[in-house]
Each structure stands twice: as structure tokens, then as C-alpha cells.
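Quick notes on the structure that follows.
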Amino acid sequence: MVYYLTSNVVDPPAYVYMGKDKFENEDLIKFGWEEDFHVDKLSSAHIYLRLREGDTWENIPQDLLTDLAQLTKANSIEGNKKDNITVIYTPWSNLRKDGSMAAGQVSFKDDKKVKRIHVEKRENVIINRLNKTKVEKHPDLRQEREDRLRELRKRDQADQQKRKKEELRVAKERQEKKWQKDHAYDELFSEQNMAASSNQDRGDDWEDDFM
């Protein structure tokens, strides 16, 4: 089971989801999309943010980060009872998981791609607002990821075709300009040759016609 929530501190609202327990977290780790949030050095739910097109994990609005950090704290048995905790977040692609780790446990491939948020205390107003949007679903996470990757491949292919078409257009335009430059005086030279030939065919007294 996966919980889906909506944060309306941004427009359009942000799409957030998390596993019901550490075993659900395993599937989210395996088939995740975007950012992963959890409490530093404490067990907690893995909160995921599905970014909008064009957004990156480095430009998440502060109000949305606050919502996600509060949600992460609230879903940590230990972290929820403590003040002044740290929530960390990183791109899903930076998560590292191997067979020696417990269910729901992860480490990071690159510590430079990990950011931290300080949470002073639980904000019930934020948690209550988010929990009112909570919906339980039983998604096929593997299929969702495969569908997403298929969509990205189609977009990439379309972009490649578009770039190739533009490259062909530019190459054709350059070729046409080069031809025009190389043959710019063809017509002029042709007219001069015709005029010279016409004069050569005239007799010596052709100028007398004008007298």
C-alpha cells in the first residue's frame, strides 16, 4: 500500500507519496522516480516528491521543503518525539541499496548530492493539512516505472528526430547559399559574353547606321 498526499503550498499542487511501512519502502526504493526524504540517522518513512516537468531537486521551493520535512518527521517513530532533528533528501538515482542492508535502509552513492533541512519541532497545522489529502492506493510500481521510462524514451526519440530534421534543414540552407554564392556572376558573365559575341558579328561599318 502506498499513501498519496498533496501539498498545496505551490501552484500547481505537489504530488507526494510514501510507503505504509519499511517493506513498502523497499518497492519505492526499487521503482522510485524522484526525490527521497528521510530523517538523518533515524528510521523513518521514505517520502517521495514527484517533480514537475522542468523542475530539479535543487530548486524545490522552501515552503514545499518544509511540508516534506514535517511529513518525514511525523512518520518517524523516534524523530516524531524529538525536536531539532535533521531531514535529508537526495535524488532517487543517488540511493544505494545492497543485500547487506535491512528492509527500508539505504545509503548514498554520492554524499555531495545530499541536502539537509533542520526541523525545530513538529508543526501540527502542516501535518493535519497534509493528512487531510491522504489517499491509500495499491499501485503497480514496477509498471508505473516501466510506463514512465517508455514515455521518456519516446520523448527522447521525438527530440532526436526533431534535431535531425533541423540539422538537415540547416545543411540544405547552407548548401543553397553556397551554390548561390558560387554562381552569383553566372548570369552576368553570360550576358557579357552574348554582348561581345553580338559585337564581333557586326561589320566594320555598323557604326555608320547611327550617322
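All values below were derived from every heavy atom in this structure, side-chain atoms included, with hydrogens, water molecules and symmetry-related copies excluded.
Take Asn94 and apply the side-chain contact (heavy atoms from CB on, under 4.5 Å) test, not counting sequence neighbours, and it matches Thr90, Pro91, Phe108, Lys109, Asp110, Lys113, Val114. Residues satisfying the side-chain contact (heavy atoms from CB on, under 4.5 Å) criterion with Asn59, sequence neighbours excluded, are Asp55, Thr56. Not a single salt bridge (Lys or Arg N to Asp or Glu O under 4.0 Å) links Arg122 to another residue, sequence neighbours left out. Checked against salt bridge (Lys or Arg N to Asp or Glu O under 4.0 Å), Asp63 has no partners two or more places apart in sequence or in another chain. Annotation: salt bridge (Lys or Arg N to Asp or Glu O under 4.0 Å) contacts of Lys178 (sequence neighbours excluded): Asp182. Qualifying side-chain contact (heavy atoms from CB on, under 4.5 Å) partners for Glu173, counting only residues two or more places apart in sequence or in other chains: Arg169, Lys177.
Interatomic distance, CD of Gln62 versus OG1 of Thr66, reported as 4.5 Å (0.5 Å rounding). Note that the NZ atom of Lys137 and the OH atom of Tyr4 stand 6.0 Å from one another [nearest 0.5 Å]. If you take CD1 on Ile88 and OG1 on Thr72, they are separated by 10.0 Å, rounding to the nearest 0.5 Å. Separation of atoms CD (Gln70) and CZ (Arg129) is listed at 10.0 Å; rounding is to 0.5 Å. If you take CG on Leu130 and NZ on Lys134, they are separated by 9.5 Å, rounding to the nearest 0.5 Å. Between Thr86 atom OG1 and Lys115 atom NZ the span is 15.5 Å, to the nearest 0.5 Å.
Taking both residues in full, the closest heavy atoms of Thr6 and Pro13 are given as CG2-CB, 3.4 Å, listed atom of the first, atom of the second, then distance. Contact detail for Ala74 and Asn80: the closest heavy-atom pair is CA-OD1, 3.5 Å. Closest approach of Pro61 and Val10 over heavy atoms only: CG-CG1, 3.8 Å. Between Leu71 and Asn75, the shortest heavy-atom distance links the atoms O-ND2, 2.8 Å.
Partner Asn84 forms a side chain to side chain donor-acceptor pair (under 3.5 Å) with one of Lys121, His118, Glu120 and no other, that one being His118.
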**OP:** Applying side-chain contact (heavy atoms from CB on, under 4.5 Å), run through Leu51 and Ile60 and close with a yes or a no.
**Re:** CA-CA 9 Å; Leu51 294 171; Ile60 301 171; 4.2 Å; yes
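Leu49 is not listed as a side-chain neighbour of Tyr15, based on a closest heavy-atom distance of 4.5 Å or more.
Ring-plane geometry between Tyr48 and Tyr17 is classed as parallel, the angle between the planes falling under 30 degrees on a 0 to 90 degree scale with a further cut at 60.
Side-chain N or O atoms of Lys73 include one that pairs as donor or acceptor with a backbone N or O of Lys82 at under 3.5 Å.
For CZ of Arg52, the number of neighbouring non-hydrogen atoms (other residues, nucleotides, ligands) closer than 6.0 Å is greater than 12. Residue Gln175 qualifies as open at atom CD: its count of foreign heavy atoms under 6.0 Å is 12 or below.
Ile127 and Ile85 fall into different hydrophobic clusters, defined by Ile, Leu, Val, Met, Phe, Trp and Tyr side-chain heavy atoms under 4.5 Å apart, directly or through other members.
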